[in-house]
Amino acid sequence: KIEEAQIIIINTCGFIEISKQESINTILEMAKYKDKECKLLIATGCLTQRYKGDIKELIPEIDIIFGVNDYEKMGDAINNYFAKNEPSLYYSESDSSVYEGKRFLTTKNGTAYLKIAEGCNNNCTYCSIPSIRGKYRSRTMEHILSEAKYLAKENIKEIILIAQDTTRYGVDLYNKKMLPELLKELSKIDGIEWIRLLYCYPEEITPSLIEEIAINKKVCKYIDIPIQHISNNILKKMARKGTKEDIINVISKLKSRIPNISIRTSLIVGFPGEEDTDFEELVDFIKEVNFSKLGVFKYSKEEGTKAFNMTNQIDESIKEKRQNELMTIQQKISKGNNKNKIGEIYKVIIYDYDGTYYLGRSFEMSPDIDGIIYIKSEKTLAEGEFHNVLIEKALNYDLIGVIKDESCE
């Protein structure tokens, strides 16, 4: 219980305004426990890295502050604090080598994230990540495979590959994009049944990557492609590398080679200079493409980015209206897609129980962002197990089903 903790560690996010505020609120909320059992409050992550010159002055309740690449110093810092009772700040350069310390597994539901790279070279005009996380640095394939084997031994069945840009993996170390090769090697690890891909930039998706997704039985037929917009006018202002035509082309290739692929994307509305015609173009596009999953974010004006000083900033009420309109459209698309799943049987990983239903996900669902399958079962189901589930009912984003047969592990 949090009330009993003597040390509280908060991993913060400082990417956009809403996440910054959430991080600050969490720190302040946790600081209240210093009047109880908590003797040491630690903050780390993007927020502390981004505002390292001000964070201690703004939130003096924090005792130890780390940047984004200093986790290996935490043990010594804690011991030093209790020995000397002195607040400390630890910051390495944001573009230093990727942290390769021991992996501590905190999830018990058969799923784990696996970071394959750190930093970003794309320098989109709205994004503060390069200034926080530094230049793109791939982890070596040996380190990644070693961590994946450890996760498999810990009964992890699904690994989710993440980076600021997974599709660029290996360029800095091996002078070529190595994601297809990495997927191939990961799939050889016993115990790993699902490999899921997030954060694939459309202009970096190669024919060899599409082919590996298509033929590799362990790679989920699922891909996250953050396109952000479809208007060439806005894409150019965002300094995105590709064009509308490039995006349409890669989506067409994915659907042609992998007919059952589930494509997720994320969009930004209200970017400076976004005219009604740009937004209408985006509306028409999402209706035509019929994305399986879609998230919409309002543009957040972030200091230190090129877009911060752009003219023609969009009123917040217009951003809100555009966000709501797109999500209303996507809700209808999602409900229609889900209705088509009724009567189908899916392999599902179980990750929780809410007292009435077991909660699971199919290959089409990433944790926390895509939806849930509510499963009726008279027998007890264990977290991390795979089962075949017959879909009986469709909701806007979620599904309801029943166990069809024995475990399909």
Side-chain angles (χ1 to χ4, degrees), residues 98 110-118 120-122 136-149 151-152 156-227 241-242 246-266 289 291-293 346-347 349 361-367 370 386:
V98 187
T111 297
Y113 291 90
L114 181 56
K115 181 182 287 189
I116 64 173
E118 180 64 278
C120 186
N121 292 349
N122 289 311
Y136 194 88
R137 293 102 64 202
S138 300
R139 296 179 64 192
T140 65
M141 194 173 294
E142 290 76 15
H143 275 124
I144 295 171
L145 294 175
S146 176
E147 185 172 333
K149 290 173 183 176
L151 293 173
I156 293 298
K157 310 274 182 72
E158 175 190 28
I159 56 174
I160 304 174
L161 303 190
I162 57 171
Q164 276 70 46
D165 177 359
T166 55
T167 37
R168 195 183 291 269
Y169 172 72
V171 170
D172 53 320
L173 291 182
Y174 307 109
N175 296 315
K176 60 177 289 192
K177 297 173 186 174
M178 291 287 286
L179 185 56
E181 287 81 357
L182 177 62
L183 292 174
K184 190 178 299 182
E185 293 303 313
L186 286 169
S187 68
K188 296 176 183 177
I189 298 174
D190 292 337
I192 300 298
E193 295 194 35
W194 278 0
I195 305 169
R196 189 180 298 277
L197 270 176
L198 297 187
Y199 317 134
C200 298
Y201 274 59
E203 60 270 18
E204 302 291 348
I205 296 174
T206 61
S208 60
L209 176 58
I210 294 174
E211 187 63 19
E212 186 62 31
I213 296 171
I215 65 175
N216 194 320
K217 293 181 179 180
K218 288 191 177 183
V219 176
C220 292
K221 308 317 175 206
Y222 173 107
I223 190 167
D224 175 274
I225 310 175
I227 66 172
K241 303 298 188 295
D246 295 329
I247 293 169
I248 292 173
N249 185 45
V250 75
I251 290 173
S252 176
K253 287 181 178 178
L254 282 162
K255 288 186 173 184
S256 175
R257 183 64 183 90
I258 316 167
N260 66 328
I261 193 165
S262 179
I263 302 178
R264 152 171 274 280
T265 195
S266 55
V289 172
F291 285 102
S292 303
K293 317 292 179 183
Y346 285 86
K347 179 179 178 180
I349 188 169
R361 294 180 293 103
S362 71
F363 76 92
E364 299 177 317
M365 298 170 169
S366 240
D370 284 336
F386 285 97

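Residue Asp190 places its CG atom among 12 or fewer non-hydrogen atoms of other residues, nucleotides or ligands, all under 6.0 Å distant. Dense packing is recorded around NZ of Lys177, with more than 12 heavy atoms of other residues, nucleotides or ligands lying under 6.0 Å away. Within a 6.0 Å sphere centred on NZ of Lys218, heavy atoms belonging to other residues, nucleotides or ligands number more than 12.
Annotation: the span from Glu211 atom CD to Leu183 atom CG amounts to 12.5 Å, rounded to 0.5 Å. Note that CG of Leu161 and CG of Leu114 are 5.5 Å apart. Values are rounded to the nearest 0.5 Å. Interatomic distance, Ile213 CD1 to Cys200 SG, rounded to the nearest 0.5 Å: 6.5 Å. Within the model, atoms CZ of Arg257 and CD1 of Ile215 stand 7.5 Å from one another, a figure rounded to the nearest 0.5 Å. A distance of 10.5 Å separates CD1 of Ile189 from CD of Glu147, quoted to the nearest 0.5 Å. Annotation: the span from Ile223 atom CD1 to Ile205 atom CD1 amounts to 4.0 Å, rounded to 0.5 Å.
A salt bridge links Lys188 to Glu185: at least one charged side-chain nitrogen sits closer than 4.0 Å to a carboxylate oxygen.
Between the Arg168 side chain and the Cys120 main chain, no donor and acceptor come within less than 3.5 Å of each other. At distances below 3.5 Å, at least one donor-acceptor pair connects side-chain atoms of Thr265 with backbone N or O atoms of Ile225. In terms of modelled atom types and a separation under 3.5 Å, the side chain of Ser138 and the main chain of Tyr169 share no donor-acceptor contact. Distance alone, capped at 3.5 Å, places no donor-acceptor pair between the Lys157 side chain and the Gly110 backbone. Between the side chain of Arg139 and the backbone N or O of Lys115, at least one donor-acceptor pair lies under 3.5 Å. Between the Thr167 side chain and the Tyr201 main chain, a donor and an acceptor come within less than 3.5 Å of each other. Side chain of Lys241 to main chain of Asn122: a donor-acceptor pair is present (N/O by atom type, distance under 3.5 Å, no hydrogens or angles).
Counting heavy atoms from C-beta on, the side chains of Leu197 and Leu209 come closer than 4.5 Å. For the pair Leu145 and Leu186, the minimum side-chain heavy-atom distance is below 4.5 Å. Residues Pro202 and Asp246 have side chains not in contact (no heavy-atom distance under 4.5 Å, counting atoms from C-beta outward).
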Please lay out, stage by stage, how Ser187 and Ile195 fare under the test side-chain contact (heavy atoms from CB on, under 4.5 Å). CA-CA 8 Å; Ser187 68; Ile195 305 169; 4.1 Å; yes
Walk me through it: do Asp224 and Ser366 pass the test side-chain contact (heavy atoms from CB on, under 4.5 Å)? CA-CA 9 Å; Asp224 175 274; Ser366 240; over 6 Å; no
If you apply the rule side-chain contact (heavy atoms from CB on, under 4.5 Å), what do you find for Ile116 with Leu179, and how did you get there? CA-CA 9 Å; Ile116 64 173; Leu179 185 56; 4.1 Å; yes
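Under the rule for a side-chain contact (heavy atoms from CB on, under 4.5 Å), the partners of Ile248 that lie at least two apart in sequence or sit in another chain are Lys244, Phe285.
Phe363 does not carry Lys221 over the face of its six-membered ring by the limits of under 6.0 Å from the centre and within 45° of the normal.
Looking at every heavy atom in both residues, Tyr174 comes nearest to Met141 through OH-N, 3.0 Å. Heavy-atom minimum distance, Ala163 versus Ala117: CB-O, 3.7 Å. Closest heavy-atom contact between Glu212 and Pro180: CG-O, 3.6 Å. Contact record, Glu364 with Tyr222: O-CE1, 3.3 Å, taken as the closest heavy-atom pair. Of all non-hydrogen atoms in Tyr136 and Thr166, the two that sit nearest each other are OH-O, 4.3 Å.
Between the side chains of Arg361 and Thr111, a donor-acceptor pair is found at a separation under 3.5 Å.
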